[in-house]
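Reviewing the structure listed below.
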Protein chains: 2
Amino acid sequence: MSSLANRIEAYIKRLLAASPNSTLVLQRKELAERFRCVPSQINYVLSTRFTTELGYLVESRRGGGGFIRIRRLDLNRDKVVQIMEMLSELNSEVNKDEALDFVTRLMESRLITRRENRLMKAVLNSEFFDDQANHAEMLVCMLKVLLEDS
Amino acid sequence: MSSLANRIEAYIKRLLAASPNSTLVLQRKELAERFRCVPSQINYVLSTRFTTELGYLVESRRGGGGFIRIRRLDLNRDKVVQIMEMLSELNSEVNKDEALDFVTRLMESRLITRRENRLMKAVLNSEFFDDQANHAEMLVCMLKVLLEDS
DNA sequence: GCAAATTTGTCCTTTTTTGACTATTGTTAT
DNA sequence: ATAACAATAGTCAAAAAAGGACAAATTTGC
């Protein structure tokens, strides 16, 4: 028995597929009314089926005229594969030097520009990260942006 | 969807883009009539979307023949250098929102790309800076990299 | 039967819209 | 010149219109 969440998921995917630019803008309230459910059900569906990991980008805005924008990231397959492979290599503990080397490799693979390379390194080198040593997290944060690029 | 405020914003930006000197003079009442809204809605749009932080200058005059003049101030490299110098001096005076607005300006003035814009915002938005709150320093750090480039 | 997934409800935050009241400037009649 | 009046724009706060977070309740799949 197809659950409500499944049906909402299917509905959104159908609309996305029909959208020329893989982007969909809708209203939570409206969608909830269509499926006769509470609005927070929509959040549940979005947070379980339209995550970044699954290749979706969800943005929203509150207030009058508020909306939810869902984008399917039609990524250049090769790029995704490359970055994923590179990522999975160093997903555990990454220190600063490894993070910097990784950025260099991204540039050498032409996945980022020279400017982006320098920008990322400047961030990683900044004093903020010297003690905290959360270079890996910052790196992933920046990589997500690159993955979002259609 | 697109709220009234968004539509008014878009309308003004369209007129601004079409204006040779990036300046626009209009009347609040007239604009309100065009969009069939209360005049103060115009003030709302101006104060949320055409702020100094976002690079706009708004002047006005009341009374008969009153008007509102909106000017877009484009950034160039020299100005950014100046701003950076100011920034690095008055470090703690810049909060996150101001930093984000500035990045938006950089992009609209074509000094950085869309990707760089997103990258920088991701960094500024990252949880690392939430408590430390030295957004200005990070911003300057990133700007230096971008400006030393040709 | 239990754990995971789903569904619902409640309270909260953000953004927009509206309206009443105020302030300023230009125009006109005296 | 001045007083009234008309024509603008500004301020501010309340109400309305979204969406978010999170946890309790319920259902489903092993």
Side-chain angles (χ1 to χ4, degrees), chain A residues 1-13 15-16 23-54 56-71, chain B residues 1-13 15-16 23-54 56-71 95-101 104 121 124-127 130:
Chain A
M1 217 250 311
S2 183
S3 74
L4 175 56
N6 285 147
R7 280 184 290 121
I8 296 175
E9 176 192 4
Y11 177 74
I12 293 175
K13 287 189 171 164
L15 291 185
L16 265 180
T23 299
L24 180 59
V25 178
L26 43 75
Q27 289 198 285
R28 187 178 82 148
K29 195 182 145 218
E30 198 183 71
L31 190 53
E33 271 163 11
R34 173 185 299 272
F35 284 93
R36 310 229 170 92
C37 65
V38 291
S40 54
Q41 175 72 281
I42 307 303
N43 293 84
Y44 175 68
V45 173
L46 291 177
S47 65
T48 56
R49 281 120 158 117
F50 293 89
T51 63
T52 309
E53 287 71 24
L54 292 170
Y56 294 92
L57 190 62
V58 177
E59 301 159 285
S60 65
R61 185 144 190 164
R62 307 184 186 194
F67 61 86
I68 293 179
R69 178 164 46 228
I70 305 168
R71 192 147 56 101
Chain B
M1 212 87 23
S2 200
S3 70
L4 175 57
N6 286 147
R7 281 183 287 120
I8 296 174
E9 176 192 5
Y11 177 74
I12 293 175
K13 286 191 170 164
L15 291 185
L16 265 179
T23 300
L24 180 60
V25 178
L26 42 74
Q27 288 198 289
R28 185 177 83 148
K29 197 182 144 214
E30 196 183 74
L31 190 53
E33 270 164 12
R34 173 187 298 272
F35 284 94
R36 304 220 180 93
C37 64
V38 293
S40 57
Q41 175 72 274
I42 307 304
N43 293 85
Y44 174 70
V45 173
L46 292 176
S47 66
T48 55
R49 285 124 157 106
F50 293 88
T51 64
T52 310
E53 285 76 20
L54 290 169
Y56 294 92
L57 193 60
V58 177
E59 301 159 283
S60 65
R61 186 139 185 186
R62 308 182 188 195
F67 61 87
I68 292 179
R69 178 165 46 225
I70 305 169
R71 193 142 42 114
N95 65 33
K96 177 162 134 182
D97 286 338
E98 290 166 340
L100 292 174
D101 281 348
T104 298
K121 283 181 179 165
L124 290 169
N125 269 319
S126 108
E127 46 194 31
D130 266 359

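Reckoned from all heavy atoms, side chains included, excluding hydrogens, waters and symmetry mates. Labels below follow one simple rule: chain letters A, B, ... track the order of the sequence lines, proteins then strands, and each chain is numbered from 1.
For dG20(D), the base has no donor-acceptor partner in the side chain of Ser60(A) [N/O atoms by modelled type, under 3.5 angstrom]. For Arg28(B) against dG10(D), a side-chain N or O and a base N or O form a donor-acceptor pair under 3.5 Å. Side-chain N/O atoms of Ser40(A) and base N/O atoms of dG20(D) include no donor-acceptor pair closer than 3.5 Å. Not a single donor-acceptor pair, N or O on each side, falls under 3.5 Å between the base of dA9(D) and the side chain of Arg61(B).
Listed pair Arg49(A) / dT6(C) meets the phosphate criterion, a side-chain N or O lying under 4.0 Å from OP1 or OP2. In this structure, Tyr44(A) does not reach the dT7(C) phosphate: none of its side-chain N or O atoms is under 4.0 Å from OP1 or OP2. Within the 4.0 Å cut-off from OP1 or OP2 of dT16(C), not a single side-chain nitrogen or oxygen of Gln41(B) is found.
In this structure, the CZ atom of Arg69(A) is 16 Å from the C1' atom of dA18(D), given to the nearest Å. Rounded to an integer number of Å, the gap from CZ of Phe67(A) to P of dA17(D) is 19 Å. Between the CD1 atom of Ile68(B) and the C1' atom of dG10(D) there is a distance of 9 Å, rounded to whole Å. When rounded to the nearest whole Å, the span between CG of Leu31(A) and P of dG19(D) equals 10 Å. Leu4(A) places its CG atom 14 Å from the P atom of dT27(D), with the value rounded to the nearest Å. Rounding to whole angstrom units, CZ of residue Arg62(A) and C1' of dT15(C) are separated by 9 Å. Glu30(A) has its CD atom 15 Å from the P atom of dA17(D), to the nearest Å. dA17(D) atom P lies 12 Å from atom CD of Glu33(A), rounded to whole Å.
Side chain of Val38(B), nearest nucleotide from dG19(C), dT6(C), dT13(C): dG19(C).
Rounding to the nearest 0.5 Å places CZ of Arg34(A) at 11.0 Å from CD1 of Ile8(A).
In this structure, a donor-acceptor pair under 3.5 Å is present between the side chains of Ser3(B) and Asn6(B). Using modelled atom types, one finds no donor on one side chain facing an acceptor on the other under 3.5 Å when comparing Asn43(B) with Ser40(B).
Across all strands, Gly66(B) comes closer than 4.0 Å only to sugar-phosphate atoms, never to a base (heavy-atom distances). Counting any heavy atom pair closer than 4.0 Å across all strands shown, Asn43(B) reaches a base atom.
A donor-acceptor distance shorter than 3.5 angstrom exists from the side chain of Thr48(A) to the backbone of Tyr44(A), with no hydrogens or angles considered.
For the pair Lys13(A) and Phe50(A), the cation sits on the ring face: its NZ or CZ lies under 6.0 Å from the ring centre, inside 45° of the axis.
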